[in-house]
Structure formats: structure tokens, C-alpha cells
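What follows is a set of notes on a single structure, which appears directly below.
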Amino acid sequence: MAENEHIVIESGEAAQPFNYAVGMYGSRFFKELRENKKIMGVKCPTCGKVYVPPRGVCGPCFQEMKEFVEVGPGGVIGTYTILRFAFIDPETGHQKPVPYGYGFIKLDGADTLFQHYIDLVDEKKVRIGARVEPVWANERKGTIKDIQYFRVVE
Amino acid sequence: MAKRAAIVGTGQTFHKSHRPDVNGQELINEAVSRALLDANLTMKDIDAIIIGNMDHFEGINYVDCWSVDGSGGTMKPVMKITTGGTTGCTIAIGGYHLVASGMFDKVLIVGWEKNSESDTSGAITTAFDPIWDRLVFAGAISGLAAEAQAYIARYGATDRDGARVSVRDRKHALNNPHAQLRKEVSLEEVLASPMLADPIHLLDVCPRTDGACAVIMASEDSAEKITKTPDWIWGTGNRHPYAYLGDADYGRLTSMERTAKEIFKKAGIKEPRKEINVIELYQPYSFAGIIWIEDMGIVPPGKGAEYIWSGATDMGGELPINPSGGVISCNPIGATGLIRCAEAAMQVMGKAEGRQVPDVNHAVSTGFGGCWWTDMILHGKKKPNY
Ligand SMILES: [Zn+2]
């Protein structure tokens, strides 16, 4: 991803006066997501833990991390909830559509949990330990929404 | 010159869902005036002030500056500390550091919040990473629900177990004229209340509150001259475990475990369940009342619910928890942690009136922050021997 390329986080018609840098680790993640449908983590050379999202430093070891590793794209539900109460999404200024599945996904090969939507088409199958896979967006822009959501697979 | 330090006075507002009759500094003044009265001191006696809240809640920053008329801070050293949900506990720890350093003899600590003036979920969202943490985020409740689900899957607890904790705290609140929600609820009412985020029902979670709390700490040079029953600070600690929400070990509060171990070791407490007489737990939802007492080392992992059902944590039980009614009954967020500290101090000082636990030697108060960090204070009747 070119250095001056911008990720657009859509807030509908609401404008937010912030310009955040995702850094080199975040850029690599979004580039691989958009161009190759790959989810990248980063591995600590000291403790061996694989972090998603990737970041420069393993906090507990206070050790710089440089080794990118591909994780997922499948995984299991590490924990989750089903959001049922309506609230205003501060990112858009509009009511969030509820209910929705809020997943903490343990991607294959990762040691941390990756947050994303879980499809509720069969709510009974949404449980800790259930296998999931990502459903990709038709048009990938290099944002977290390049994955539309995760769905439970048998 | 390190000094021992003690709480010598506390004050609180009568917390309500909405206080349109006062602005922020007037609300703060109510708590400060009551704390000074309780300690029989005046503002002239106060050497420094630590104040805090979650200032992004009301969208009015720098309470350290604009509140001086109400806080008494005019032409005194005033510092703000804000650490999210733990703020009220962290300001107490910060005040303790000032007094224990020997540089300030008497420090006034003030926590406050007017949640009625804010969009709490919207403001909480600003504490989390805009790229990685906000897509699915739903305020404080989503992480708490994920914790409860993980704990349930690991240890087989039920939403009935959680409800039992709500029933306890709401019953205890009847004894506390300062609590916001003073109406008993039944197990059935908790379970029948709307499901907000599985497995959390409306009556499993804290309300939004307007309120303020003030605590005065003094060094050992003056504490016993101010009151015959100072509440000595035996230890304080805090821990921050993670960067992103997905990094946490859901189902265990590691920050609580580490903080508690550090403090109990320092104080020589080997069996916390027997040596601590009362806990004011920063418990924003019911399941935390089961999970976090395990992390604190009161009971082993997986045994929290059984302990709660035994009645041991009710008033009159082995180790009453939240005699004040706790956070489920009252939650002016920037004050909430300091209310835990003040209520623990009142228990040690014998000033807790209708909610007094008999013969309190040691009390614990905690703070919890957004999500998964912990502050903790060990209080004691005797002056620590270190
Ligand atoms: Zn490491």
C-alpha cells in the first residue's frame, strides 16, 4: 500500500475530523487482506505468541516483532455475544442494526482473538468452539470491512 | 521520607439518575463539604487536591481547572488523574502516593460524574482503537458479555447464578441512603428483564448516575489527631494487561489476580477469605461478582457461584460484599471507584451506619476499567507495621 494511500472508514454522511496512521504493520495487514484475501499476524521471537492485529511490539516481552505469519482465514469462536439492545453507533451517528453477532474469533495459527461480526442465520450454532470462516466483501477496499462477517461452518 | 497514610474523612452526594439542580462544580462541592465536615477540617487544612472523572463523557475537559470554586482548589496544587472506569480508585491511589511521599500532609481526593449529561456508550467508544476495536463495539457491555460467555463455557455457570448477585446488591442498597436504585429485585425479575447482550439482562448491569465522592487522606503525622479511627492504607496496586480488546483472556481477570497477589503478599495476608472482613467490589455487572472474587483469591476458580449461593457474601455472612449496594445500584462512573474506597473506609472507621459490617479489621476496595484493568486498595484498622 502506497505511503499516502488512505483507508476510508465509512461514517455515512457523518464526518469525523481525524486522520489515524495504522503504521507499517497495519498497512501490511490491509494490503494482504485487499489484494490476496490473506489475514496476517506477527510472531514474537521471544515467547512465540502470534498477534492479530499485527503490531510492532509484544507487550509482555517488550520485544520488537518482525516475523509476519499468515493466520486463518478460518478459525473458531473464542467467545461472543449477541447484541440485542439498540444503541447509537458513534461511528455513524445512526442506530446500530440489532441483533448482531459479536465474535471474538480465534483464527487458526493466532494466539489472540480477532473481533468481527458473526452471522446469526442459525443462532443456535453460534457458540464457543464453533468453526467459522470469513465471508469476503465483493469489492475489497483495504479495510476491516473487506471481511463482511464470519459464518459458522459445519 | 515515606509516611504511612490513612483516610480520615469521606463525603458523598445522594446519587441520582439526574441532578439538573446542580452543575458539575456544585455537585463536586456537595461531596467536598461533606468530607470536610466528616473529618472536622476546613479547606485551609488541605495541602493538595487530586480530582478525576471520565471527562470525555460530558465533553467538558479539564475538571481540575474549571471546578476550583466547588472543589476548594483555588490557589492550591490541583492535579487531574483519569484512567477510565478505574478513575475513582486511581485518584485514591494517586492521593495515597502524594501523602506517603511525605511531600503533602493532607490531600483531598474528588471523583465525580454527571452521566445524565452524556452519551455513555458513544464516549466509551472513544477509548478504543478506531481501526481495530470499533467495528462491532457496543460500549462497555459487549466485552462484559463476552467475558460472561467465556466463563460460563469454562465453568458451567448459568444466568441464574448471575442474577443471584444482582439480587444481593440490590437488597444491600436498601441500607444505603446514598445509592441510586433502592428497590429490591427478585431472581425472576432479573431473568425476565430484557436481554441486552447474551447472557446479560438489563437488571444484571449498572445504571447511569449523577454523583460525586470525596475522600481526605492524611499522613501518620496528623491522622490520629484528626480522628480516633483512621482507615489505614495497607497497600495499593494496579495492572493493565492488554492493548486491543481481542488480546484478553476472556473468562479470567488476570489484572485482578496479579494485583491481589501483590497486595496480599505485601500485607502478609495468606487466607484472604478469612482475613478480609468486607469487600467493596467495582462490579459493573452481576457475573463479575462471581468471576472476579475467584481472581482475587477469595475462592478457587469455578467456585464463585457456589460461594455466592451459600449466602457468605450477603450481609451477616462470612464475607459481605458490597454492603453499599455496589455499582449495580449506583454508578456515577468517575466517582464509582472512589465510592468503593470511601465505603470500605467507612466500614473500617465504624461509620457505615445501617450498612455496617461488625468488627472490620481489613476491607478491600477495587476499581475496574474498560476493559480488563484493575486497581485495588487494602484498608486496615491497625497502622501497618511497614
Ligand atoms: Zn513475546
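Just the heavy atoms: all of them, side chains too, but no hydrogens, waters or symmetry mates, feed the values below. Fair warning: this is a prediction, and the values are worked out from it, not measured in the lab. Throughout, protein chains are lettered first and strands after them, A, B, ... in sequence-line order, and every chain is numbered starting at 1.
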Please flag which part of [X] lies under 4.5 Å from any non-hydrogen atom of chain B: side chain, backbone, both or neither.
{"X": "A:Phe104", "value": "side chain"}
{"X": "A:Arg55", "value": "side chain"}
{"X": "A:Phe29", "value": "side chain"}

>> When you compare the side chains of B:Thr90 and B:Asp375, does any donor N or O come within less than 3.5 Å of an acceptor on the partner?
In response: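 B:Thr90 vs B:Asp375: donor-acceptor pair found between side chains.
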>> For A:Gln148 and A:Tyr117, which I'm curious about, is there any donor-acceptor pair between the side chains at under 3.5 Å?
In response: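 Not at all, the side chains of A:Gln148 and A:Tyr117 share no donor-acceptor pair under 3.5 Å.
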> Picking from B:Ile141, B:Thr126, B:Thr125, B:Leu245, which has the most non-hydrogen pairs under 4.5 angstrom with chain A?
Replying inline: B:Leu245
Contacting region of [X] [heavy-atom separation from chain A under 4.5 Å]:
{"X": "B:Phe137", "result": "both"}
{"X": "B:Ala248", "result": "backbone"}
{"X": "B:Asp133", "result": "both"}
{"X": "B:Ser142", "result": "both"}

>> Salt bridge check, A:Arg84 against B:Asp198: does any charged N sit closer than 4.0 Å to a carboxylate O?
In response: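 Salt bridge flag = yes for A:Arg84 with B:Asp198.
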> Between the side chain of B:Ser118 and the main-chain N/O of B:Glu58, is any donor-acceptor distance below 3.5 Å?
Replying inline: no
>> Using a 6.0 Å distance limit plus a 45 degree cone around the ring axis, check whether B:Arg252 lies over the aromatic ring of B:Tyr151.
In response: no
> Taking the side chain as C-beta and beyond, is there a heavy-atom pair between B:Pro194 and B:Leu202 under 4.5 Å?
Replying inline: yes
